[in-house]
Amino acid sequence: MSEEILMNITPMESRVAVVENGVLQEVYIERTQRRGIVGNIYKGKVVRVLPGMQAAFVDIGLERAAFIHASEIIPKNNDAKETESSSSNDTEPHISYLVHEGQSIVVQVTKDPLGTKGARLTTHISIPARYLVFMPHTNHVGISLRIEDQQERERLKVMVETLLEEHGLQDKGGFILRTAAEGVGEAEILNDIFFLHRLWDSISESIASIKAPVAVYEDLPLYLRTLRDLVEPIIEKVRIDSKETYLKVLKFVKKLIPQIEDRVEYYPGERPIFDLYSVEDEIQRALSRKVPLKSGGHLILDQTEAMTTIDVNTGAFVGHRNLEETIFKTNLEAATAIARQLRLRNLGGIIIIDFIDMEDEEHKRQVFRMLEKNLERDHAKTNITGVSELGLVEMTRKRTRESLENVLCEPCPTCQGRGSLKTPETVCYEIFREILREARAYDSDTYLVLAAQTVVDRLLEEDSGNVADLEEFIEKNIRIQVEPMYTQEQFDVVLV
């Protein structure tokens with residue numbers, strides 16, 4: 001398996017694509033005027049406390065106030081260990097004890113504003129570097145669950161604890177070892193420890209000297225975050241199509257990740273780098289509800305406010321042996337495709353998958369395992385709860401930023417995001433009812449109907465008899481005129 005990272009950088013927008021064996025797996029988009037704020041640290045001001053919800057709203061200088069739950073606030077005694085060990089509502093301190101209106105509070109964004117919801121916050125600050133994540137309010141040393149080798153886990157934990165003790169830093173914050181730390185030596189780890197401590201000292205000075213609401217630390221831009229978070233040994237190349245960005249990346253890499261310097265390349269080709277790898281076409285396909293499968297089956301994905309539903313259909317695939325085998329093969333292919341679509345579209349929250357019903361328990365187990373296996377490469381945390389009584393696979397995927405559709409699209413102004421329009425027939429009958437209302441309320445010789453072409457065609461053809469009957473009933477003339485700027489659902493009845 002080979003992976004490459006492609007970077008398409010312009011002054012207005014940065015786009016990063018993760019390509020695996022020539023197939024697009026993930027895409028990240030950051031626009032200059034709408035940059036994500038996850039990981040940013042703010043000195044905010046509490047503007048409203050909601051005791052009934054155990055939460056508060058905090059002004060951090062954005063258009064909408066951000067939201068923080070009591071479980072995300074370190075108590076005033078700063079006993080972080082106590083709050084980490086107590087997760088039940090019985091022992092959770094009351095929000096009124098933790099914060100009050102007008103109070104300044106240092107918070108970090110854990111979720112970008114999504115739709116109508118403000119950003120989600122925490123006071124459990126964490127600052128990532130290449131190999132470590134620094135947590136200034138705890139002295140715990142943890143290790144990424146993706147490092148599975150027990151000996152390596154023990155080696156890394158002992159190494160960090162020893163280094164902290166040798167340099168007198170054991171009581172000045174805790175660390176989590178990231179997946180990238182696997183196999184790394186003392187020198188690299190120590191560099192990260194010193195870098196993170198210097199950074200936190202600088203942030204602390206800013207916090208003490210400035211007035212809320214204001215940002216005190218902003219995470220790296222997308223192209224540098226990608227190098228820090230996504231470049232693993234499996235990544236063969238990082239190709240960048242901007243000379244200016246390439247030079248910035250080289251400077252960053254030489255200082256913090258020198259071992260990947262030989263994998264970073266500048267792409268000077270005339271053909272856009274995303275076109276060369278068919279990334280643009282894949283992005284367009286990722287905005288469609290329907291995802292075709294090679295076998296002839298297909299997926300239908302529907303994204304709603306509450307959850308995402310995925311329906312698997314055999315479509316044109318008729319199989320070669322029997323119905324159960326056809327269904328099994330379609331579901332296996334769908335499991336692989338679904339895992340890819342979740343990453344590509346960045347779908348998060350609750351996800352319900354309706355695989356085609358299978359009778360064979362072994363087939364069910366294999367499909368379930370195939371889904372789990374393909375989700376192992378996902379950088380976002382996923383949790384599959386199993387198969388429900390209705391045969392649906394229920395899972396969650398951590399959502400920290402907006403989905404690809406929400407980044408690139410907006411609700412249709414014609415259908416208001418419903419995905420459907422009233423038929424011309426329905427609109428004609430609404431017009432008839434409106435004319436009757438007008439006739440009862442006002443006295444006029446003629447009523448002029450302004451409507452879209454499709455509706456006017458219906459009024460002059462299939463419903464011409466109804467128009468004549470209505471004229472006779474109200475004893476007034478009805479004129480009909482096309483308004484080319486109107487959508488199918490728009491109309492006006494004008495008194496003439």
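Throughout, residue positions are numbered sequentially from 1 according to the sequence presented.
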With side-chain contact (heavy atoms from CB on, under 4.5 Å) as the criterion, how do T123 and V106 come out once you've worked through the C-alpha distance, each side chain's angles and the decisive distance to 0.1 Å?
CA-CA 6 Å; T123 61; V106 178; over 6 Å; no
Working note: V16 + V27, criterion side-chain contact (heavy atoms from CB on, under 4.5 Å); need CA distance, chi angles, decisive distance, verdict.
CA-CA 6 Å; V16 172; V27 62; over 6 Å; no
Step by step, would you call R31 with E13 a salt bridge (Lys or Arg N to Asp or Glu O under 4.0 Å)?
CA-CA 4 Å; R31 289 170 176 165; E13 181 183 61; 3.0 Å; yes
Let me see the working for Y217 and L199 under side-chain contact (heavy atoms from CB on, under 4.5 Å), right down to the final yes or no.
CA-CA 9 Å; Y217 167 77; L199 179 57; 3.9 Å; yes
Could you go step by step and tell me if V19 and V23 meet the side-chain contact (heavy atoms from CB on, under 4.5 Å) rule?
CA-CA 5 Å; V19 178; V23 179; 5.7 Å; no
Please step through side-chain hydrogen bond (donor to acceptor under 3.5 Å, both in side chains) for the pair S403 and Q303, ending with a clear verdict.
CA-CA 9 Å; S403 68; Q303 190 178 337; 2.8 Å; yes
Criterion side-chain hydrogen bond (donor to acceptor under 3.5 Å, both in side chains) on T179 and S144, from CA distance to verdict
CA-CA 6 Å; T179 310; S144 166; 3.1 Å; yes
Audit row: D229, R130, salt bridge (Lys or Arg N to Asp or Glu O under 4.0 Å) steps and yes/no:
CA-CA 7 Å; D229 299 339; R130 173 62 180 163; over 6 Å; no
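With respect to E26 and R343, a salt bridge is recorded, a charged nitrogen being found less than 4.0 Å from a carboxylate O. Note on K251 versus E261: no salt bridge recorded, every NZ/NE/NH1/NH2 to OD/OE distance being 4.0 Å or above. A salt bridge does not link R285 to E280: none of the charged side-chain nitrogens sits closer than 4.0 Å to a carboxylate oxygen. Note on R120 versus D112: no salt bridge recorded, every NZ/NE/NH1/NH2 to OD/OE distance being 4.0 Å or above. Comment: R153 does not engage E182 in a salt bridge, judged by the lack of any side-chain N to carboxylate O separation of less than 4.0 angstrom.
Taking a 6.0 Å sphere around CZ of R369, one finds it holds more than 12 heavy atoms contributed by other residues, nucleotides or ligands. More than 12 heavy atoms of other residues, nucleotides or ligands shown are found within 6.0 angstrom of CD on E265. Dense packing is recorded around CD of Q416, with more than 12 heavy atoms of other residues, nucleotides or ligands lying under 6.0 Å away.
Put simply, SG on C409 and CG on L287 are 4.5 Å apart, with the number rounded to the nearest 0.5 Å. Within the model, atoms CD1 of I353 and CG of L342 stand 6.5 Å from one another, a figure rounded to the nearest 0.5 Å. Taking CG of D378 as the start and NZ of K398 as the end, the distance is 12.0 Å to the nearest 0.5 Å. T382 contributes atom OG1, which lies 8.0 Å from atom CZ of R397 (distance to the nearest 0.5 angstrom). Between L371 atom CG and Q366 atom CD the span is 14.0 Å, to the nearest 0.5 Å.
Residues H69 and S71 bring a donor and an acceptor atom of their side chains to less than 3.5 Å of each other. Judged by distance alone, the side chains of T414 and T487 never bring a donor and an acceptor atom under 3.5 Å apart.
Of the possible polar contacts, none joining the E101 side chain to the V46 backbone as a donor-acceptor pair under 3.5 Å is found. With D192 contributing its side chain and Y131 its backbone, the two residues share a donor-acceptor pair below 3.5 Å. Between the side chain of T138 and the backbone N or O of M135, no donor-acceptor pair lies under 3.5 Å. A donor-acceptor pair is defined here as one N or O able to donate and one able to accept, closer than 3.5 Å; no such pair exists between the side chain of E154 and the backbone of Q151. Looking at R178, its side chain never comes within 3.5 Å of a backbone N or O of A180 through a donor-acceptor pair. The backbone N or O of N346 lies less than 3.5 Å from no partner atom in the side chain of E402, so there is not a single donor-acceptor pair. A donor-acceptor distance shorter than 3.5 angstrom exists from the side chain of K43 to the backbone of I207, with no hydrogens or angles considered. Here the side chain of S388 pairs a donor or acceptor atom with the backbone of L392 at under 3.5 angstrom. Proximity of a side-chain donor or acceptor of R340 to a complementary backbone N or O of A337 within less than 3.5 Å is not detected. A donor-acceptor contact shorter than 3.5 Å links the side chain of R146 to the backbone of E376.
Here the shortest heavy-atom pairing between D219 and N40 reads N-OD1, 2.9 Å. Pairing each heavy atom of H167 with each of L190, the nearest pair is CE1-CD1, 3.7 Å. Residues G173 and N139 come closest through the heavy atom pair N-OD1, 3.3 Å.
Each of R15, R401, R225 was evaluated against E30; a single residue qualifies, R225, per the salt bridge (Lys or Arg N to Asp or Glu O under 4.0 Å) test. Each of D241, T245, D275 was compared with N8 under the side-chain hydrogen bond (donor to acceptor under 3.5 Å, both in side chains) criterion, and only D241 meets it. If you run side chain to side chain contact (heavy atoms under 4.5 Å, CB included) between F67 and each of M53, E72, K117, K111, only M53 comes through.
With contacts defined as side-chain heavy-atom distances shorter than 4.5 Å, the pair V109/L121 qualifies. Between V238 and E4 the shortest side-chain heavy-atom distance does not fall below 4.5 Å. A heavy-atom distance below 4.5 Å is not found between the side chains of F355 and K364. Within the 4.5 Å cutoff, the side chain of M7 has no heavy atoms near those of the Y267 side chain. R155 is listed as a side-chain neighbour of M159, based on a closest heavy-atom distance under 4.5 Å. Counting only heavy atoms from C-beta outward, the side chains of L6 and Y277 approach each other to under 4.5 Å. With a 4.5 Å cut-off on side-chain heavy atoms, I356 and N313 do not count as touching. Residues R377 and E3 form a side-chain contact, since some pair of their non-hydrogen atoms from C-beta on lies under 4.5 Å apart.
Checked against a 6.0 Å centroid threshold, the rings of H140 and F175 do not count as neighbours.
Using bins of under 30°, 30° to 60° and over 60° for the plane-to-plane angle, the ring pair Y246/Y266 lands in the tilted bin. In this structure, H197 and F134 have tilted ring planes: the angle between them lies in the 30° to 60° band.
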